[in-house]
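Before any comments, here is the structure.
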Amino acid sequence: MGKNEIATVPDFHKRILFSDEAHFWFNGYVNKQNCRIWSGANPQVCVETPLHPEKLTVWCALWAGGILLLKR
């Protein structure tokens, strides 16, 4: 959608949706892709975890109409 088209759509700002999701593992695992932990402990220590640990996924979206929330 170009700049001119946005200007012609009434209440365009009310059609914007921001969303994100987060995963919370019940075994204490932390996704290091999204979180950095600095520690003096040995970073070479390997901790074995199950292939598919139990987790809770939370998805949330914000828009002009309110908040949408989904937990699975």
Taking side chain to side chain donor-acceptor pair (under 3.5 Å) as the test, write out the residues that go with Thr57, two or more places apart.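 Here the qualifying residues are His23.
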Give me the other members of the hydrophobic cluster that Ile67 sits in, counting Ile, Leu, Val, Met, Phe, Trp and Tyr linked by side-chain heavy atoms under 4.5 Å, directly or via other members. Leu62
Listed partners of Phe26 passing side chain to side chain contact (heavy atoms under 4.5 Å, CB included), at least two apart: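 With neighbours one apart ignored, the set is Glu54, Leu56.
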For Trp63, the side chain to side chain contact (heavy atoms under 4.5 Å, CB included) test, sequence neighbours excluded, returns Leu17, Leu68
Which pairs with one or both residues in residues 17-28 pass salt bridge (Lys or Arg N to Asp or Glu O under 4.0 Å), sequence neighbours excluded? Glu21-Arg72
